[in-house]
A.B. asks: 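Okay, here's the structure, questions in a sec.
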Amino acid sequence: MATDAMGLPFEATSAAAWLVWILPFVAALIMPAVGKASKNLTGYVAVGFALMSALSAASLIPVALDASEIHHQISWIEAIGLKGGVLADPLSVIMANVVGWISFLIMIYSTGYMKGDKDITRFWFWMMFFIGSMQIIVLSDNLLQVFFGWEGVGLASYALISFWYRDKKKDHVGTEGRTVLGLLDYYAPTHAGMKAFIMTKVGDVMMIAGMLLIFLFAGTFGFKELMGDLGWAEAMSAQGLLVPAFVLLFGGAVGKSAQFPLNEWLLEAMTGPTAVSALIHAATMVKAGVFLVARIGPIVFALAAAGIMAEQFFEIIAWVGAITALLLATQGMVNQEIKKVLAYSTGSQIGYMMMALGVAGLSHQYVDGYTAGFFHLISHAMFKASLFMAAGSLLHVIGSRFMSDMGGLRKHMKKTYAFMWAAGLGLMGAPFITTGFWSKDAIFAAVYESGSEWALPLYSIAVLTAVITTFYTTRMMGLVFFGKKSKHIEKMEEEGHHVHEASLSMWVPYGILAVLTIGIGLIGFSAEANIHHMFTEYLDHSFGIHTEHVESGESFLPAPLDGLNPIALGSSLVAFSIGIGLGYIFYIGRWVDPVKFVNSNIFFYAIHKVMLNRWYLNAIIYWCFVVAPLWLARAVFRYFERTAIDYGMNDGFQKAAGWGAKVVQGTQTGVTQSYLFVFGAGLLFVVLILLI
Amino acid sequence: MANELTEFVLVSVALLGIGIYGLSVKRNAIRMLFAIEIVINAANLNMVAFGRFLPHSGGQTLALFSIAIAAAEVAVGLSLIIVAYRMYHNIDIADFRSLKG
Amino acid sequence: MADAAFLALSVITIGSAIAALELRSLVYGSIALMGTLGGIAGFFILLDSPFVAMFQLAVYVGSIAVLILFTVMLVKRELIFKKVEDKRRKFVGIALMLVFMVALGAVILDSGIKQITTDEPAVDFREIGDDFLTYYWPALILMGLILSGAVTGALVLARRVDEENGQRVN
Amino acid sequence: MLEITSTPLVIIAILGVAGVILPVINVIRKEKGSNSFYAVIAFAALIISIGYVGYQFLTDNVLPSALFSEDVIVDDAFGGFFAIAMLIVAIFTTVGSFNYMRKHNYPAIYYSLILLSTIGMVLVAYSTDLIMLFVAWELMSIPTYALVGFIKRNPQSNEAALKYFLFGALSSAIIVYGISLTYGITGSTNIGEIIQGYSNLDPGLLPLALLSVGMFVAGFGFKMGLVPFHQWLPDTYEGSPPTITTLLAAGTKKAGFAATIRIVVLGMVVLNLDWTLALGILAIMTMTIGNVAAIMQKNLSRMLAYSSIAHAGYILIGLAVSPYSSLGLQGSLFQILNHAVMKGMAFIAVAGIVTTLAVTNLDKLKGLGRKMPITSLGLVISLLALAGVPPLAGFWSKLMLFGGALDAGGALWWAPWLAIAGVLNSALSLAYYGWIMRRMYFEGETEKRVSEPKSVIAVVVFSIIFLVGFGVYPDPIIKFVEYATPIVSLGLMP
């Protein structure tokens, strides 16, 4: 039953944990009725319920500060001893607040962004459904319930990506007519939704397989119960199934968080409304994978203390994260669509978080990497949501998704300009003033200090990615706000449309987040120290992972920075300077024309081409898993169902005997005799396999 | 008994084979019905033969049920054939293949 | 060893089964089928099951075969004598038949079935009646339902009334 | 001894009387009288029957499962479970026909045949004697031959019926053959005695036992739609009246499983043969071919038909691993109940679409979500449940099936592969389910809403409540399944 560590009245606190995810579902359920009454009302209802849900999450904060937990269970499926419940511990409380408050802000933004859409009720329904499902993932106390939320967010994501299902041209992503390896690089919303659904489903299938494996050995899905008796892990380890099971679970995270090699759906997910991209494909749902790894990582790490080693699990996570971070960052450098650049950046930054959570398990100080990854999750959620919403208002105003159609906007959209710089600096990791800097620096330090054999290569990748990140963020800012006005804008102005700032309900939310990025950044170091402290206690309490108190030796750094790793700090500064310098040369100062630069050298040209074509990964996936199987299905259909059975028996002979065209036009199947023949042969076949 | 069980069973297997041959080769619906009758009779023969050698009354009982059921089956089957004949003026099963794929 | 009666019956049964399928005319085919069914009845007598044999004659030869014969006569003349066949299908079918017989025959000969012999007297057919009334009575009820279902179903299907105007008039 | 109040006998009495009386009323009223009049009689009979089954369960008059009896039928939980599933399907069919049969002749006979076939389906599950089982099997089959061909003016209906009839007749002959072999080597037709006979079997007779298993698998496999005995199925499902397709897909197919569990699984466990591998191979073939063929279909009924072939494969997983994992067989039973509701609702929805729009071609279903919102919602929910998306009831049964396969992995090296094949196939099936959903919601422009048949709405609403309700809180049904599942495992047989 419930553990009431806090001394608060038990009903109140645990009820708040339940309400966090139940309220959004209530809102979703009443939404059709509200929509019938009045379409204008739907927005207020959604915002109101999002606020209530966020407030419930906020009421749980004391739990996190105490590093205690609320665990409340109800019986769910007694037949197999399964219980449902909520588990509010520091990890989930922080996450629930991030999700709750960011979604509240995005809901406000959406009231402006989606104004006048005739399918608005559907939009709110799925948004609320999404928030509820996401909070289930966060607050569940067992894997199965997590999986329910997991599927719920998948469904909502599918429905919202294809929200504009009429597939109008302006809702596509990609450039019309461009092909990669013979396949169009141009996606309609419905196609994109389908792609996301199927690609994440691959991960889901792996996840459920992993869950089932663990359940068969442990007899439970609960996180707390898994930590209770470790006999299951020993048994699994003895059969060599422990690492595979957890890697399968991680497969689910790979799919949902768009990590390599299941990363490609995230880019096309940008066909959805920008509010959706901000909420689902930047701030929350894609973080579900990171959250899952943060949930199960300590369990795996704690097993090591019991002598059950599963290092490969962490190595795989670290490498998947590193590869994704670099791969997607490079593609972000060359893309022309503002939302896609941000999407690449999202995947890349999540790669960072994975890397941190991975190296955490490879080092002795688990809490360092753990804190770094999670802190980066929080800061990324803020600045990326802000950037996306800002990009959404650009799209709203300009009416085009291409950055080449923007340019010189800094005078017209001053607020957006300022906020985008603030959030963009967060993404770049501008030293000392942004949350992005502190979290990224913590990741660098964690990787560097992990003492793993992979530390050096991972560290190089991390730094290289940081350079690229800074570069493409500067590039984005340069293309959008600097230089001359594009022809598109000039044409708009001729037609009498004026470029103006977006409405209040739109700029306020991203303004708040941008200000927070800087504001928390200013106290960033102590914020991180607080989280670090919280997690140290949490890991110790819940998983028995002790952290040795390393005395920070004589640091030559000045007092406020005491305890930072000087090498990480140094490389962070260098990476930032190189990236922003290069970006300034090409895109803000415009001293060198990037097009000429790329074309000047066959080497640059080739690299540019590969990056633009998404490393050919997307095309290869399509060839292998879509085009080829369709061929195969057609072939099976044509040659097995239609021909093999009947051709040999019927038409083949008649053709050979030259009985003419009559036979050819007579279609092949539907002939009962062949069916009966197969029946007889099948009977023989069954008897045969029985006798063998 | 003058004859061995094996012999009866072998005759029954032969009839079963002939019946399956008829079903997978013949195109005339009525002839396919013949083939089905042959298969059912093969099974009945088997049943009664086993029943005699056990000896046990169940074999004959099942044979009786089976014969009666075959009569019912054939009645429905023939009426279906008659409907088909009225529609197509043809009873060639291999020509009835609008459903396929 | 098999006696003469058995051999003769086997030849009649299997021969007329083949004839029923292979004879060009459907009418002769159905007469040959009656031969098969009669042959089976003969086997039943050899197996000391006169009651089943009588039932077989009454139901099969008496009604089913006649029913088929009538249907045969209902359809057009050309169809009765037309025999379209795909030769290739036929060869494959014969191959299947032979494989079937050989495989099943081998299984049966290989098994211990040969040892099953009996010297006990045959079951008295009164026992069958007993069985019907004490043990199998639910099956008998179902049998009645089957017949009623089959008859109504067959009648509805075979009816010609208001076929043309299509819609049912309420 | 059989009590006169035992469930199967009462069901025979209620449904049998109603089934026989309907044509008589028809004759007395000189073939006048509306469709709904007969439908209400049939519906009432079915409701009373299902009520009686429930009453028997609640008053604990039902024996636990896996008891063999001295009689030809036994009133046990296993039979009761199937009785509930079949009666739900029959109710779906009857309710769905309220609307569908308005345009067709002879409603009285139609409902009478449905009732008779339902008796057969229910009694198959209750039988503990091979002869009884065979007779019940035929009572189930013969009326459906007539029902499939019921629309006499429609050539496709007739073609479907002929194909179905030829297959059915052959397979019932094969079943008799299998029964005769089993009877020959054990000396009885009572399943309990057969199991006794098997447990001290002369090793020389083993091949015959295997032969009879093969014949049972082929004969029942025809109804279940196992590859390679499946080929009639898509044709028949497409051609027959969609309401009757409901009865075939959701009802008679499940009776095939009931028979297989009673005979093959219960009976052959004692033999300790490797028949499980054969079922495993068939399961994989069935799943894969069903799903691959479904991808290319252009017709909704046909696509659903292939999908139900695939589902037979999933259900067979549980049967294949049953001697080593009770979870698998429980999953099979749960999946059978789920599939009855899911496919039942899907085909009733198709019937609704056919009666209002007269199309089943997928290309013509564009924008169905706006034309017929409730029907479409039902179709979507049933497709998602078929794919096993949580939180719908289909998720739990698949979870149990695959879990059972993994669970049996300790004893059967190939069992985990069944789970892997099943999971891959589920993922594959999403492709074509998604295709249908996309057609319904994401295509087409401005469709006007048309009025949907009330009977279809009733079925859809019931099914959605069932699927979502038991998806969120499956506990009662899992308990029921546990209670109804016979204990099949090596060493536990008499």
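Letters go in sequence order (proteins before strands), and every chain restarts at 1.
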A.B. asks: Let me know if P23(D) has heavy atoms under 4.5 Å from chain C in its side chain, its backbone, both or neither.
C.D. replies: side chain

A.B. asks: For the residue pair V72(D) and Y136(C), what are the closest heavy atoms and their distance?
C.D. replies: CG1-CD2, 3.8 Å

A.B. asks: Working to the nearest 0.5 angstrom, can you tell me the gap between L139(D) CG and L147(C) CG?
C.D. replies: 10.0 Å

A.B. asks: Decide yes or no on side-chain contact (heavy atoms from CB on, under 4.5 Å) for M132(D) and L142(C), but give the supporting numbers first.
C.D. replies: CA-CA 9 Å; M132(D) 181 67 195; L142(C) 291 202; 3.5 Å; yes

A.B. asks: Counting C-beta onward and ignoring hydrogens, is there a side-chain heavy-atom pair between I12(D) and L145(C) closer than 4.5 Å?
C.D. replies: yes

A.B. asks: Identify which part of L123(D) has an atom lying under 4.5 Å from any heavy atom of chain C, answering side chain, backbone, both or neither.
C.D. replies: side chain

A.B. asks: Can you see which heavy atom on A150(C) is nearest to which on I142(D), and at what distance?
C.D. replies: CB-CG2, 3.9 Å

A.B. asks: From T152(C) OG1 over to Y106(D) OH, what is the distance, rounded to the nearest 0.5 angstrom?
C.D. replies: 12.5 Å

A.B. asks: Please report the shortest heavy-atom distance between L113(D) and G153(C), naming the atom on each side.
C.D. replies: CD1-CA, 4.2 Å

A.B. asks: What option among L133(D), L115(D), N190(D), L181(D) has the most heavy-atom pairs under 4.5 Å with chain C?
C.D. replies: N190(D)

A.B. asks: For E138(D) and I146(C), which heavy atoms make the closest approach, and how far apart are they?
C.D. replies: CB-CD1, 3.9 Å

A.B. asks: Give me the atom names and distance for the closest heavy-atom approach of L104(C) to M215(D).
C.D. replies: CD2-CE, 3.9 Å

A.B. asks: Counting heavy-atom pairs closer than 4.5 Å to chain C, which one of D202(D), I131(D), N158(D) comes out on top?
C.D. replies: I131(D)

A.B. asks: Just wondering, more than 12 heavy atoms not from F51(C) lying within 6.0 Å of its CZ?
C.D. replies: no

A.B. asks: Going from CD1 on I73(D) to CH2 on W137(C), what distance comes out if it is rounded to the nearest 0.5 angstrom?
C.D. replies: 6.5 Å

A.B. asks: Working to the nearest 0.5 angstrom, can you tell me the gap between T189(D) OG1 and Y135(C) OH?
C.D. replies: 5.0 Å

A.B. asks: side-chain contact (heavy atoms from CB on, under 4.5 Å), that's the test. Do F150(D) and V156(C) meet it? Break it down for me.
C.D. replies: CA-CA 8 Å; F150(D) 210 75; V156(C) 161; 3.9 Å; yes

A.B. asks: Of all heavy-atom pairs between G149(D) and L157(C), which one has the smallest distance, and what is that distance?
C.D. replies: O-CD2, 3.3 Å

